[in-house]
Amino acid sequence: ESAGTEAAAGLLSAMTAKDAIAAVKEAESVEDVANMTEGETRVTVLRASEARTAELTDAENAEIVEDVDNADSTESAE
(Lines give C-alpha, C1' and ligand atoms only; values in the text may rest on other atoms or scores of the structure.)
Protein backbone atom coordinates (compact mmCIF):
# COMPACT_ATOMS: atom_id res chain seq x y z
CA GLU A 1 0.00 0.00 0.00
CA SER A 2 2.82 2.43 0.78
CA ALA A 3 4.13 2.09 -2.77
CA GLY A 4 0.68 3.07 -4.02
CA THR A 5 0.48 6.06 -1.73
CA GLU A 6 3.97 7.17 -2.75
CA ALA A 7 2.90 6.92 -6.37
CA ALA A 8 -0.24 8.90 -5.56
CA ALA A 9 1.83 11.63 -3.92
CA GLY A 10 4.07 11.85 -6.97
CA LEU A 11 1.07 11.75 -9.25
CA LEU A 12 -0.62 14.67 -7.46
CA SER A 13 2.38 16.91 -7.94
CA ALA A 14 2.33 16.09 -11.66
CA MET A 15 -1.35 17.08 -11.93
CA THR A 16 -2.85 20.47 -12.45
CA ALA A 17 -4.27 21.95 -9.27
CA LYS A 18 -7.79 21.34 -10.60
CA ASP A 19 -7.10 17.64 -11.18
CA ALA A 20 -5.28 17.30 -7.86
CA ILE A 21 -8.26 18.82 -6.04
CA ALA A 22 -10.60 16.41 -7.83
CA ALA A 23 -8.40 13.50 -6.73
CA VAL A 24 -8.40 14.72 -3.13
CA LYS A 25 -12.20 14.97 -3.18
CA GLU A 26 -12.36 11.30 -4.21
CA ALA A 27 -10.14 10.12 -1.33
CA GLU A 28 -11.82 7.48 0.81
CA SER A 29 -9.96 8.00 4.10
CA VAL A 30 -8.13 10.63 6.09
CA GLU A 31 -4.96 8.58 5.62
CA ASP A 32 -5.41 8.67 1.84
CA VAL A 33 -5.74 12.45 1.91
CA ALA A 34 -2.65 12.80 4.11
CA ASN A 35 -0.61 10.50 1.89
CA MET A 36 -1.76 12.16 -1.32
CA THR A 37 -0.94 15.65 -0.15
CA GLU A 38 2.37 14.92 1.56
CA GLY A 39 4.82 17.53 0.32
CA GLU A 40 2.09 19.46 -1.50
CA THR A 41 2.69 23.22 -1.59
CA ARG A 42 -0.24 24.56 -3.61
CA VAL A 43 -2.59 26.42 -1.29
CA THR A 44 -5.73 25.48 -3.21
CA VAL A 45 -4.89 21.77 -3.05
CA LEU A 46 -4.06 22.04 0.65
CA ARG A 47 -7.38 23.79 1.33
CA ALA A 48 -9.22 21.04 -0.53
CA SER A 49 -7.38 18.44 1.53
CA GLU A 50 -8.35 20.19 4.76
CA ALA A 51 -11.99 20.29 3.67
CA ARG A 52 -11.97 16.61 2.63
CA THR A 53 -10.29 15.60 5.89
CA ALA A 54 -13.02 17.44 7.81
CA GLU A 55 -15.73 15.70 5.75
CA LEU A 56 -14.20 12.29 6.32
CA THR A 57 -13.66 12.94 10.02
CA ASP A 58 -17.28 14.06 10.43
CA ALA A 59 -18.49 10.97 8.56
CA GLU A 60 -16.34 8.66 10.69
CA ASN A 61 -17.62 10.33 13.87
CA ALA A 62 -21.21 9.96 12.68
CA GLU A 63 -20.63 6.24 12.06
CA ILE A 64 -19.19 5.83 15.54
CA VAL A 65 -22.16 7.61 17.12
CA GLU A 66 -24.55 5.50 15.05
CA ASP A 67 -22.79 2.31 16.16
CA VAL A 68 -22.98 3.39 19.81
CA ASP A 69 -26.66 4.29 19.44
CA ASN A 70 -27.38 0.92 17.85
CA ALA A 71 -25.49 -0.88 20.61
CA ASP A 72 -27.43 1.06 23.25
CA SER A 73 -30.78 0.23 21.66
CA THR A 74 -29.84 -3.46 21.38
CA GLU A 75 -28.80 -3.57 25.02
CA SER A 76 -31.99 -1.85 26.20
CA ALA A 77 -34.11 -4.29 24.18
CA GLU A 78 -32.65 -7.23 26.07
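These numbers come from a predicted model, not from an experiment. The first residue of the sequence shown is numbered 1, and numbering continues consecutively from there.
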**Asked** Rounded to the nearest 0.5 Å, how far apart are OG of S13 and CE of M36?
**Response** 11.0 Å
**Asked** Roughly how far, to the nearest 0.5 Å, is the OG1 atom of T41 from the CG atom of L46?
**Response** 7.0 Å
**Prompt:** Does N35 use its side chain to pair, donor to acceptor, with the backbone of E31 at less than 3.5 Å?
**Reply:** yes
**Prompt:** Looking at V24 and L12, what are the two nearest heavy atoms and their distance?
**Reply:**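 For V24 and L12, the tightest heavy-atom pair comes out as CG2-CD1, 4.3 Å.
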**Item:** Heavy-atom pair with the smallest gap, counting every atom of V33 and A27
**Value:** CG2-CB, 3.5 Å
**Message:** Tell me which pairs pass side-chain hydrogen bond (donor to acceptor under 3.5 Å, both in side chains) where either residue lies in residues 42-56, with sequence neighbours left out.
**Reply:** E40-R42, R52-E55
